[in-house]
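Contents: one structure, followed by commentary.
By convention in this document, chain letters (A, B, ...) are assigned in the order of the sequence lines, proteins followed by strands, and residues within each chain are numbered from 1.
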Number of protein chains: 2
Amino acid sequence: MKSKKIDWDKAKQLCEGLTEEQDALTRELVSRIADKWSLWTMAVLAEAGAALRFSRVMEHVEGISQKSLTKTLRGLERDGLVTRKVFAEVPPRVEYEITDFGMELLDQVAPLWAWVAQSVNMFQHARTKFDRG
Amino acid sequence: MKSKKIDWDKAKQLCEGLTEEQDALTRELVSRIADKWSLWTMAVLAEAGAALRFSRVMEHVEGISQKSLTKTLRGLERDGLVTRKVFAEVPPRVEYEITDFGMELLDQVAPLWAWVAQSVNMFQHARTKFDRG
DNA sequence: TTCTGTACTTACCTTGAGGTTACAATGAAA
DNA sequence: TTTCATTGTAACCTCAAGGTAAGTACAGAA
């Protein structure tokens, strides 16, 4: 536990060097990243290891609507996490690809994700216990 | 980049061992953890290193409303991330404290948080560039 | 007896996420 | 000429997050 505390202190220390605006942006980014579809979409592009058409992405992100996928991809593009390439063809062809920056982000998220996946039973247990009491 | 890919593969591998329900719960937990107030509230309790009264917590989580703090703390309690102790006094006294499980979670989040804080300028730059084009 | 302090709780409102459905645009194919 | 295929956009709806403001409960202080 003590070795891990270093991580937390490091994060705290970094945040103290930020302006108020940057601090707010950090919080906004952290919660934006973890929205319903962004991580999943990025993961699909990462696993593909290549550019994917809109409809290919949609097939892999199960349950997402066209509208939400459009919005999600736009947001990711805006943040520099994916690229969008439009081909002047008919019917239209648009390809999305994850950027190096996006891969970096995924790599940062991966340990947290793995820990949560590992701890799912802890959460489930805590919840049922709470809901009974 | 290649060394980091290991993390992602590990996360992916872990997720494949989950039931569909657990997989959905993992996604839900990741996005719930990153809501507007949960991480901040946990950070306050972690830094305090002791049990804090409701009103003390509220002072440190700047901008949160009473209602949202109540809801946030209940959610964290339900997930076993903080404890809630009620003292039978008048006026009422209620103390909140982060659990070991909660500290573990913070330790997992810390590197991601630090990376985002470090990368704020990248995000800002990407956004202004996108918004101009 | 009225006021105070604490931790909620309830009612009401605004905002944004996200879903569904329908429609646009258009060259190639049938 | 009609249909198809693809990537959107626009209109409309629901739901949940989160804010504000007011009320609740009650022992002790004034």
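Each of Val82(B), Ile64(B), Leu52(B), Val94(B) was compared with Val57(B) under the side-chain contact (heavy atoms from CB on, under 4.5 Å) criterion, and only Leu52(B) meets it.
Checked by atom type, the side-chain pair Asp131(A)/Thr128(A) shows no donor-acceptor distance below 3.5 Å. Looking at Ser68(B) and Ser65(B), their side chains do bring a donor and an acceptor atom within 3.5 Å of each other. Side-chain contact check for Trp40(A) and Glu62(A): no donor-acceptor pair (N or O, by modelled atom type) lies under 3.5 Å.
Between Arg74(A) atom CZ and dA17(C) atom C1' there is a gap of 17 Å when expressed in whole angstrom units. Taking atom CD of Glu62(A) as the reference point, atom P of dG19(C) lies 14 Å away to the nearest angstrom. Going from atom CZ of Phe54(A) over to atom C1' of dA25(C) covers 16 Å, rounded to whole Å. Between the CZ atom of Phe87(A) and the P atom of dG8(D) there is a distance of 12 Å, given to the nearest Å. Look at CZ on Arg56(A): it is 10 Å from C1' on dT6(D), rounded to the nearest Å.
The phosphate of dT7(D) (OP1 or OP2) has no side-chain N or O of Tyr96(A) nearer than 4.0 angstrom. Contact between the side-chain N/O atoms of Arg93(A) and the OP1/OP2 oxygens of dT26(C) is not found at any separation under 4.0 Å. Phosphate proximity of dT7(D) to Ser55(A): present, with a side-chain N or O under 4.0 Å from OP1 or OP2.
By the 6.0 Å contact criterion, CD on Glu20(A) is open, its count of non-hydrogen atoms from other residues, nucleotides or ligands being 12 or less.
Residues Leu76(A) and Ser38(A) meet the side-chain proximity criterion, which asks for heavy atoms closer than 4.5 Å.
Shortest non-hydrogen contact noted between Ala34(B) and Ala34(A) is CB-CB, 3.4 Å. Smallest separation of non-hydrogen atoms from Ile98(B) and Leu106(B): CD1-CD1, 3.9 Å. What you find for Ala51(B) and Glu95(B) is that their closest heavy atoms are CB-OE1, 3.6 Å.
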I need a per-nucleotide contact map over nucleotides 13-30 of chain D, read 5' to 3'. Cutoff is protein heavy atoms under 4.0 Å; write B for the base, S for backbone only, - otherwise. ----SBBB-----BB---
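The end-to-end axis angle of the helix from dT1(C)-dA30(D) to dA30(C)-dT1(D), rounded to 10 degrees and based on five pairs per end, is 30°.
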